[in-house]
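Notes for the one structure printed next.
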Amino acid sequence: MYNEEFKKEYLQLIANTNTLEQRKNVFHILEKYEEFIGKDLYEFTREDLLELLQKLAINGESYDSMIRKRAVINDYREWCAQKQHVVVDAANIDSKTIREVIEQNSRYLTEVEIMSLAQKLENSCDKFLLLAPFYGIGAKDKTELLKLTAADFDLNSESITLYNGRTLKVPSHLCTLGIESANTYERFNRQDGRRFPLHGDGVIKAVRADALASRFLLKRRMDDISLALEQDITFYKITMSGVLHYTKLSMAVAHTNQIREIYLSEFFEQNVKERYGIHMACRTFLQKYGVLV
């Protein structure tokens with residue numbers, strides 16, 4: 001944590017364990033931004049805070065997540081003021097401003113763009129992992145990715161049957177990649193040019209024979225993908241790109257605003273919410289992301 005001793009003093013006042021861990025996590029995430037400009041959060045000007053929000057939005061941070069981070073920052077700055085530290089008056093960043101920042105800076109990917117990125121990757125597993133959240137696999141439950149095997153793919157029907165009973169229609173190229181990944185037992189490391197043996201029968205395999213594929217492994221692989229593509233790639237960003245893609249498909253038959261809202265609501269409830277496990281009504285979704293649709 002940036003200015004660690006000071007932040008530890010602040011964190012000592014938090015009794016609830018869950019709240020404590022959440023705030024520690026926020027400080028760890030924001031640390032690189034503090035280091036970049038050489039300031040503690042309580043020294044941030046309004047321009048600094050807006051730039052921070054812009055970078056979070058570009059990296060695919062959700063509205064709710066940014067609201068939570070803003071709350072932690074505000075609470076920490078208020079505590080600093082009570083401790084008689086010089087807190088820069090940055091004015092409160094309201095929720096409307098955060099929405100505007102997201103709309104202006106969120107860079108979601110089209111299906112063509114994400115396919116183009118996948119072609120730049122060397123390992124079939126990485127290609128699959130990049131595309132899978134776009135089509136809803138792992139969006140509700142990361143275990144869906146971890147338990148996938150070659151037997152779960154049906155090229156004839158272009159579908160995937162997941163461990164929890166969900167069946168998703170997906171493009172044939174995703175099925176082909178999944179089967180290829182399940183039958184691949186070697187991983188190429190672009191950084192040093194070496195190849196590592198892979199272990200297990202799943203689509204997502206571990207490098208060590210005694211290790212199980214885990215959510216931590218998924219995070220590591222996604223970090224590797226970001227490094228290879230030289231851009232920030234997150235599960236959230238890919239998933240939201242897919243949500244917007246499927247929502248836009250429903251717009252193709254709409255000709256007026258009235259038809260648009262009715263059709264979109266039906267499509268959203270029957271397809272998007274189920275595919276991606278989104279816990280919000282269509283109207284709420286449109287309020288948050290309507291500009292992007």
Side-chain angles (χ1 to χ4, degrees), residues 108-188 197-207 212-215 217-222 224-225 233-253 263 266-279:
Y108 296 111
L109 302 167
T110 65
E111 188 174 31
V112 172
E113 287 171 331
I114 200 169
M115 285 294 298
S116 177
L117 289 176
Q119 290 173 4
K120 297 178 182 179
L121 298 172
E122 310 227 14
N123 298 294
S124 56
C125 175
D126 291 346
K127 294 179 181 181
F128 180 83
L129 192 56
L130 176 65
L131 294 171
F134 187 87
Y135 297 108
I137 305 165
K140 298 177 74 170
D141 176 8
K142 296 293 190 299
T143 308
E144 291 181 342
L145 286 164
L146 297 171
K147 291 196 173 185
L148 272 177
T149 67
D152 297 323
F153 297 89
D154 189 332
L155 280 168
N156 293 325
S157 64
E158 296 186 353
S159 64
I160 301 177
T161 302
L162 304 168
Y163 85 100
N164 49 19
R166 287 211 308 151
T167 299
L168 294 179
K169 295 284 290 183
V170 296
S172 60
H173 62 77
L174 190 66
C175 292
T176 301
L177 273 176
I179 294 170
E180 182 181 330
S181 180
N183 293 317
T184 299
Y185 294 90
E186 190 177 64
R187 178 174 178 78
F188 175 75
L198 295 173
H199 303 274
D201 298 320
V203 173
I204 311 297
K205 295 181 174 65
V207 174
L212 296 174
S214 64
R215 294 182 180 218
L217 176 61
L218 292 177
K219 175 66 167 59
R220 286 283 304 274
R221 291 284 169 82
M222 196 60 84
D224 290 344
I225 290 170
I233 300 293
T234 63
F235 278 104
Y236 174 81
K237 182 175 183 176
I238 299 302
T239 301
M240 275 305 304
S241 296
V243 170
L244 293 171
H245 168 74
Y246 275 93
T247 303
K248 286 175 182 178
L249 288 180
S250 71
M251 307 296 293
V253 297
Y263 184 81
E266 291 178 355
F267 183 92
F268 190 86
E269 294 292 332
Q270 295 172 9
N271 296 280
V272 180
K273 285 186 70 171
E274 175 57 30
R275 181 178 286 268
Y276 296 96
I278 294 177
H279 301 293

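In terms of the side chain to side chain donor-acceptor pair (under 3.5 Å) criterion, residue partners of Lys219 (sequence neighbours excluded) are, by chain and number, Asp223. Every residue meeting the side chain to side chain contact (heavy atoms under 4.5 Å, CB included) condition with Tyr185, not counting sequence neighbours, appears here in chain and number order: Asp201, Lys205.
Rounded to the nearest 0.5 Å, atoms CG (Leu131) and CD1 (Ile114) are 5.5 Å apart. In this structure, Thr234 OG1 and Met240 CE are separated by 11.0 Å, a value rounded to the nearest 0.5 Å. A distance of 12.5 Å separates CG of Leu117 from CG of Asp126, quoted to the nearest 0.5 Å. Note that the CG atom of Leu218 and the CZ atom of Phe235 stand 4.5 Å from one another [nearest 0.5 Å]. From Glu274, atom CD reaches atom CG of Leu168 across 8.0 Å, with rounding to the nearest 0.5 Å. Rounded to the nearest 0.5 Å, atoms NZ (Lys127) and CG (Leu129) are 13.5 Å apart.
Among pairs with a residue in residues 164-176, those fulfilling side chain to side chain donor-acceptor pair (under 3.5 Å) read Glu144-Asn164, Glu144-Arg166, at least two apart in sequence or across chains.
Residues Thr184 and Ser124 come closest through the heavy atom pair OG1-OG, 3.6 Å. For the pair Ala150 and Ile179, the tightest heavy-atom approach, listed with the atom from each and the gap, is O-CG1, 4.2 Å. Of all heavy-atom pairs between Val203 and Gly178, the closest is CG2-O, 3.6 Å. Nearest heavy atoms, Ser159 versus Cys175: O-SG, 3.8 Å. Nearest heavy-atom pair, Thr110 versus Glu113, reported as atom, atom and distance to 0.1 Å: N-OE1, 2.9 Å. Taking each heavy atom of Ile204 and Cys125 in turn, the nearest pair found is CD1-SG, 3.7 Å.
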CA sep, side-chain torsions, deciding dist, call: Leu174, Ile137, side-chain contact (heavy atoms from CB on, under 4.5 Å): CA-CA 11 Å; Leu174 190 66; Ile137 305 165; 3.7 Å; yes

Working for side-chain contact (heavy atoms from CB on, under 4.5 Å), residues Tyr163 and Leu146: CA-CA 10 Å; Tyr163 85 100; Leu146 297 171; over 6 Å; no

Assess whether side-chain contact (heavy atoms from CB on, under 4.5 Å) is satisfied between Phe128 and Leu145, documenting all intermediate values. CA-CA 10 Å; Phe128 180 83; Leu145 286 164; 4.0 Å; yes

Test side-chain contact (heavy atoms from CB on, under 4.5 Å) on Ile233 and Met222 and set out the steps. CA-CA 7 Å; Ile233 300 293; Met222 196 60 84; 3.6 Å; yes

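Between the side chain of Ser116 and the main chain of Val112, no donor-acceptor pair closer than 3.5 Å is present.
A heavy-atom distance below 4.5 Å is not found between the side chains of Lys147 and Leu162. Side-chain contact check for Leu121 versus Ile225: some heavy-atom pair is nearer than 4.5 Å.
Under the 30°/60° scheme for interplanar angles, the aromatic rings of Tyr135 and Tyr246 are found to stand perpendicular.
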